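Quick caveat, the model's predicted, so the values are computed rather than measured.
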Amino acid sequence: MEQQEYATGAARTAGGTSDGCTGGAGRGTTAAVVVVRGSGPGPRVASGTGADAPQDAAPVRDSGSPSVAGLSPDPGLLRLARWFAEAEPGTADDLCAASLGLYPARHFGAPAGPVTGPATAAPATVDPAAPAPPTAEVSWWHGPTAHIPAPLRAREPRPAGGLRRARRDGAALPVVLSGAKPGKPGRHRKPERSRGAGTVPQDRSAATTAAERRIAARLLVAHPLVTASGPHADGFPLIRRHRDWLAERFDTLLGYRLVVGPWHARLHKAGLGPGATRRLEHPATGAPFTPGGYAQLALALALLVDAPERLPLDGLLAAMDAVRPGPGPAARPADRAELAMAFAVLADWQVLTDLPAAALTDPAAAGPTVLTVDRELARAVPVGPPALADDATDLIRRAAEAEPGTAVRRRLAETPAVLAADLPEDQRAWLRDHGRTGPAALADFLGLEAEQRAEGVALLDPAEELTDLALPGADTAAQAALLLVERLVEEVRPLPGETAGTDVPVPDALIDGVLGDIADEYGLPAGWRRDYLADRTALRRDALDLLHRMGLITPAPRGTRPPGWLLRAPAARYAPAPDLLPAPGTGRHSRPDPELTVPAPTAPRAGQPV
């Protein structure tokens with residue numbers, strides 16, 4: 001079905017409705033996206049639903065030339081490649097999220113302690129007439145924390161990719177058996193004991209179904225592209241088994257379109273708008289993509305969507321050089337490292353197979369190689385060709401458009417915390433009116449816990465599975481970031497009774513001093529990386545980058561002098577409980593506060609009364 005839709009040119013932008021009852025793919029958006037794909041070897045024209053469709057698609061060279069023989073590039077993806085090459089790094093990341101939608105969800109882990117009485121988790125069924133929970137009136141600055149004492153922060157490294165385990169309800173049967181083939185328990189797996197003679201078979205079946213659906217939903221939110229032979233193949237049968245129910249719930253709650261084929265499942269996520277801090281990374285090294293790397297990826301996809309199943313590597317490289325857009329920044333020669341990153345991602349997505357190891361480091365020097373192309377997966381990667389967008393900024397804006405309720409639920413499902421101050425007025429009003437029912441329905445769907453505070457709402461994943469970033473983490477940058485943020489909160493958070501805003505400025509000198517203190521105190525005893533200890537600038541850069549991507553700090557607005565950072569209210573959940581009179585820092589990097597410094601007494605001079 002997806003292959004037929006792509007071939008006929010139908011590509012809709014995901015939307016949805018805010019009432020949580022009805023929805024549909026493509027609803028709640030300002031315009032649909034349609035691409036007219038030619039059936040012959042000549043160039044194809046991208047067009048929109050209106051008369052104002054853009055005509056500035058990148059020129060496509062004659063496909064009959066020897067350099068592109070047998071390959072017919074997609075004009076929309078060629079335009080996308082040009083936009084990538086001309087974009088700034090942050091804009092290129094946002095453009096990737098808007099055009100590919102392959103980013104994973106990101107959530108905080110350990111829940112904070114209760115304020116008073118019941119826990120902070122929102123119940124699955126909420127009475128709209130019931131009074132608001134007391135936690136909704138508590139600020140993150142002064143509320144309960146999930147602080148972990150320093151000696152208890154040792155964590156085992158997280159496995160590479162995927163959910164670590166299939167969590168299930170107490171009455172449910174095992175549904176995903178890690179290490180076993182789908183449908184087979186494995187010869188070393190022992191059967192579980194019965195949970196009691198009084199268990200009703202119908203109840204067990206209902207619990208099993210609910211557990212399977214939740215596992216499948218969580219897998220898709222964490223990995224929007226799941227294949228039957230990939231690293232998450234154990235969960236693919238669950239997605240196929242419950243595809244109708246999952247498609248309806250994703251459509252209703254988030255406006256996402258779910259396409260399930262015989263060999264893959266694709267959740268079409270929408271963009272998150274500018275400043276989403278989502279980027280594509282090398283699957284092996286974790287190195288972030290550059291605008292040039294994104295451009296190489298889009299160029300390759302433009303050719304692979306209609307490529308033959310068997311394709312020589314040198315032919316693909318020659319075709320990419322031939323269809324590179326015209327004069328401008330995008331016309332520079334391909335960088336070998338950027339090209340290798342693009343091929344590594346395509347291999348990780350299983351779009352390309354039979355790649356030799358040399359092609360993942362330097363494709364141009366890999367020698368004669370014939371690649372196997374999965375055109376169905378290549379067509380599943382783009383969310384929708386940018387037929388109606390005028391430029392990269394316009395595409396990022398269009399991809400994030402949705403009705404207020406759908407837009408807020410998307411933020412709740414994909415980001416660590418949703419702060420009311422960050423939302424436009426219509427979305428802020430929706431969150432104010434549906435602050436309990438909206439997060440509760442989504443939390444029940446994905447197996448999360450709602451943490452409501454005066455500044456906003458966060459959906460937590462105590463299992464620490466539904467996130468691409470871990471805090472606390474096992475590596476040096478994550479440990480330094482956690483220590484840094486808790487000490488910054490202790491230094492600058494407002495005292496109880498003061499007007500507490502969402503953000504508090506943090507001087508650069510304070511960041512440098514605190515980071516120097518914790519590096520001296522924890523670096524060598526904790527076995528931190530020697531290169532970080534020798535290069536404090538790199539440690540500062542990576543620690544702040546992690547805190548920024550987790551939404552705990554944010555850059556000061558452009559034009560602020562001096563430029564710096566703002567500490568966000570959710571950062572206080574990682575700090576100890578507030579102290580009315582915190583002791584000043586004692587490390588050698590700390591700077592004394594002149595208002596708190598008491599001058600030492602001096603001896604009286606001769607003739608002066610004591």
Side-chain angles (χ1 to χ4, degrees), residues 6 58 60 71 73-104 223-225 266 268-269 271 276 278-307 311 313 315-325 329-353 355 359-364 366 371 373-386 389 392 395-396 399:
Y6 193 96
V60 182
L71 297 178
D74 181 273
L77 292 174
L78 290 182
R79 295 179 71 216
L80 185 63
R82 188 182 68 210
W83 292 345
F84 273 129
E86 297 173 350
E88 296 295 326
T91 303
D93 294 336
D94 296 337
L95 185 59
C96 178
S99 59
L100 304 186
L102 282 170
Y103 56 88
H223 304 281
L225 179 61
R266 177 68 162 99
H268 289 250
K269 291 189 175 185
R278 299 304 174 93
R279 67 193 186 202
L280 198 60
E281 297 179 346
H282 192 286
T285 66
F289 263 62
T290 62
Y294 286 124
Q296 298 300 325
L297 177 62
L299 279 177
L301 286 172
L303 294 162
L304 294 176
V305 292
D306 280 333
L311 177 65
L313 174 59
L316 175 60
L317 295 176
M320 292 175 64
D321 288 336
V323 300
R324 186 167 286 108
R332 65 180 179 84
D335 181 86
R336 291 189 174 186
E338 295 170 345
L339 192 62
M341 291 187 69
F343 274 76
V345 166
L346 291 172
D348 185 61
W349 292 340
Q350 297 180 291
V351 174
L352 293 178
T353 54
L355 267 76
L360 300 179
T361 56
D362 188 358
L371 308 176
V373 181
D374 192 325
R375 288 175 297 182
E376 186 177 1
L377 284 180
R379 294 166 180 168
V381 169
V383 174
L395 177 59
I396 294 170

Using 0.5 Å steps for rounding, measure from the [atom1] atom of [X] to the [atom2] atom of [Y].
X: Leu78; Y: Leu301; atom1: CG; atom2: CG; answer: 11.0 Å
X: Leu313; Y: Leu371; atom1: CG; atom2: CG; answer: 5.0 Å
X: Phe289; Y: Met341; atom1: CZ; atom2: CE; answer: 4.5 Å
X: Asp94; Y: Glu88; atom1: CG; atom2: CD; answer: 12.0 Å
X: Leu297; Y: Glu338; atom1: CG; atom2: CD; answer: 11.5 Å
X: Asp93; Y: Glu281; atom1: CG; atom2: CD; answer: 9.5 Å

Would you mind reporting whether [Y] and [X] have side-chain heavy atoms less than 4.5 Å apart?
X: Leu102; Y: Arg278; result: no
X: Leu303; Y: Leu77; result: no
X: Leu355; Y: Leu346; result: no
X: Met320; Y: Leu71; result: no
X: Val345; Y: Pro283; result: yes
X: Arg379; Y: Asp306; result: yes

With side-chain contact (heavy atoms from CB on, under 4.5 Å) as the test, would you mind laying out the steps for Leu352 and Val373 before giving the verdict?
CA-CA 5 Å; Leu352 293 178; Val373 181; 3.8 Å; yes

So which heavy atom on [X] is nearest to which on [Y], and how close?
X: Gly101; Y: Arg266; answer: O-NH1, 3.7 Å
X: Arg336; Y: Asp362; answer: NH1-OD2, 2.8 Å
X: Ala399; Y: Ala98; answer: CB-CB, 3.5 Å
X: Ala81; Y: Ala295; answer: O-CB, 3.5 Å
X: Leu395; Y: Ser99; answer: CD2-CB, 4.3 Å
X: Ala92; Y: Ala87; answer: N-CB, 4.0 Å

Show your reasoning for whether side-chain contact (heavy atoms from CB on, under 4.5 Å) applies to Leu100 and Val381.
CA-CA 6 Å; Leu100 304 186; Val381 169; 3.9 Å; yes

Taking ring pair (Phe, Tyr, Trp, His ring centres under 6.0 Å) as the test, write out the residues that go with Phe84, two or more places apart.
Tyr294

Is the side chain of Arg279 donor-acceptor paired with the backbone N or O of Pro89 at a distance under 3.5 Å, no angle test?
no

List the steps and the verdict of side-chain contact (heavy atoms from CB on, under 4.5 Å) for Ile396 and Trp83.
CA-CA 11 Å; Ile396 294 170; Trp83 292 345; over 6 Å; no

According to side-chain contact (heavy atoms from CB on, under 4.5 Å), who are the partners of Asp374, at least two apart in sequence or on a separate chain?
Glu376, Leu377

